[in-house]
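Written below as structure tokens is the structure these notes are about.
What you see is a predicted model; the values in this text were computed from it and never measured.
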Amino acid sequence: MVNIIDISLVSVLIYQVYKLMRGSVAIKIFLGFLSIYLVYLVVNAAKMELLSSILGQFMGVGVIAAIILFAPEIRKFLLIIGRSSILSNENVLQELLFWRKKESNAFNITPIIDACKSLSGTSTGALMVMSRNSELKFYAESGDLIDGMVSKRLLISIFNKYSPLHDGAVIIYNGKVKAARCILPVTEKEVPAQFGLRHRAAIGMSEATDTLVLIVSEETGQVSMAKNGNILHNLSFQEVREILNNYLTGQDIDEKFDFLSPFESKKFKQRPAEA
């Protein structure tokens, strides 16, 4: 019984590692290491001492080599564990010490939807990071701090192509635009050619943090959303409102993104965006 549990846990671990690295160059290296390790197990079980000794030496050095080669993936794995931990919430100590009821970070998202409609209609590119549990100070400090209430006019003025703040992302937390012109991490995954740097940055930010990122394409005016390294493409404004509202009220929206594997199947939803 214990052996069955052990094998099951190892299988789940291998699958999660594969899921983490799929779509990147690292997956080929990982499969190579896995193949060599399986061969090592076979020759070791077959009592081939010479080959087993050679592969054993290689596997000993291979652990150090793997740490160096998979440094970005290991960092991403630790980020995922950290953001899913209860300690990742900035207010968790206050909630535990003072027994405060956790408040919802939902706010009026109509200005965001209205701004997206205007930006989409004029094919003005935009990148908005919605955070529920953190002010994202590290990323906010990479841009210009604003700390202003969210409004349609503010967002449109920021992303106006003649504005000095338009180049970069806006971070929205607790109903306020915390900062603009922020620099986001770019994903290392392979993405379709139709996605530019704005979409790559949105996917990278959703991989590194527990945020929901909204993108308005400058080329097509289509609206997309990124979460957990996946992206929903060409969404209607009603879908944007629903997903954003669910995210801010603490509902689980991961399943809406998990079913889509844009880096492998490259099949995207094709529907006209609502006006």
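Although no hydrogens or angles enter the test, the distance criterion places no donor-acceptor pair under 3.5 Å between the side chain of S53 and the main chain of E49. Between the side chain of N245 and the backbone N or O of R241 there is no donor-acceptor pair closer than 3.5 Å. For S142 (side chain) and I183 (main-chain N/O), a donor-acceptor pair under 3.5 Å exists by modelled atom type.
With a 4.5 Å cut-off on side-chain heavy atoms, L154 and I156 do not count as touching. Side-chain atoms of K152 and S118, non-hydrogen and from C-beta on, do get closer than 4.5 Å to each other.
No path of Ile, Leu, Val, Met, Phe, Trp and Tyr side chains, each step under 4.5 Å between heavy atoms, connects L136 with L145, placing them in separate hydrophobic clusters. Grouping the Ile, Leu, Val, Met, Phe, Trp and Tyr side chains by contacts below 4.5 angstrom, directly or via other members, places L9 apart from I4. Cluster annotation: Y40 and I7 are assigned to distinct hydrophobic clusters (Ile/Leu/Val/Met/Phe/Trp/Tyr, side-chain heavy-atom contacts under 4.5 Å, transitive). Residues V43 and I36 share a hydrophobic cluster, clusters being chains of Ile/Leu/Val/Met/Phe/Trp/Tyr side chains in contact below 4.5 Å.
Scanning all heavy atoms of the two residues, the minimum distance from V170 to I172 falls at CG1-CG1, 3.7 Å. In terms of heavy-atom proximity, S163 sits nearest to I158 at OG-O, 3.4 Å. Nearest heavy atom pair, residue C116 against residue M128, reads SG-CE, 4.1 Å. Contact detail for I146 and A180: the closest heavy-atom pair is CD1-CB, 3.5 Å. Taking each heavy atom of M225 and V240 in turn, the nearest pair found is SD-CA, 4.0 Å. Looking at every heavy atom in both residues, A140 comes nearest to I171 through N-CD1, 3.6 Å.
R200 forms no cation-pi arrangement with F195, by the criterion of a distance under 6.0 Å to the ring centre and an angle within 45° of the ring axis.
Side-chain atoms of N228 and S206 form no donor-acceptor pair, as typed in the model, at a separation below 3.5 Å. One side chain, S236 or E239, offers a donor N or O that lies under 3.5 Å from an acceptor on the other. Looking at E207 and T187, their side chains do bring a donor and an acceptor atom within 3.5 Å of each other.
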TODO: Carefully, step by step, assess L184 and V129 under the rule side chain to side chain contact (heavy atoms under 4.5 Å, CB included).
DONE: CA-CA 10 Å; L184 305 184; V129 179; 3.8 Å; yes

Open item on the list: I215 vs I231, test: side chain to side chain contact (heavy atoms under 4.5 Å, CB included). Steps then yes/no.
Closed with: CA-CA 10 Å; I215 316 105; I231 190 167; 4.1 Å; yes

Task: T211 and S131: CA distance, side-chain angles, deciding distance, side chain to side chain contact (heavy atoms under 4.5 Å, CB included) verdict - done: CA-CA 5 Å; T211 56; S131 178; 4.2 Å; yes

- [ ] Starting from the C-alpha separation in whole Å, work towards a yes-or-no answer on side chain to side chain contact (heavy atoms under 4.5 Å, CB included) for Y173 and R132.
- [x] CA-CA 7 Å; Y173 171 71; R132 185 177 59 204; over 6 Å; no

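Taking CD1 from I253 and CG from L232, the interatomic distance works out to 8.5 Å, rounded to the nearest 0.5 Å. Interatomic distance, R198 CZ to S217 OG, rounded to the nearest 0.5 Å: 7.5 Å. Atom CG of L248 sits about 7.5 Å away from atom CG of L212, to the nearest 0.5 Å. In this structure, the separation between CZ on F159 and CG on L119 is 7.0 Å, given to the nearest 0.5 Å. Distance check: S157 OG to L155 CG gives 7.5 Å after rounding to the nearest 0.5 Å. To the nearest 0.5 Å, the span separating NE2 on H166 from CG on L127 amounts to 12.0 Å.
Counting non-hydrogen atoms of other residues, nucleotides and ligands closer than 6.0 Å to CG of L50 gives a total of 12 or fewer.
Each of I112, I243, I109 was scored for a side-chain contact (heavy atoms from CB on, under 4.5 Å) with M130, with one residue passing: I112.
R181 has no carboxylate O lying under 4.0 Å from a charged side-chain N of D167, or vice versa, which leaves the two without a salt bridge.
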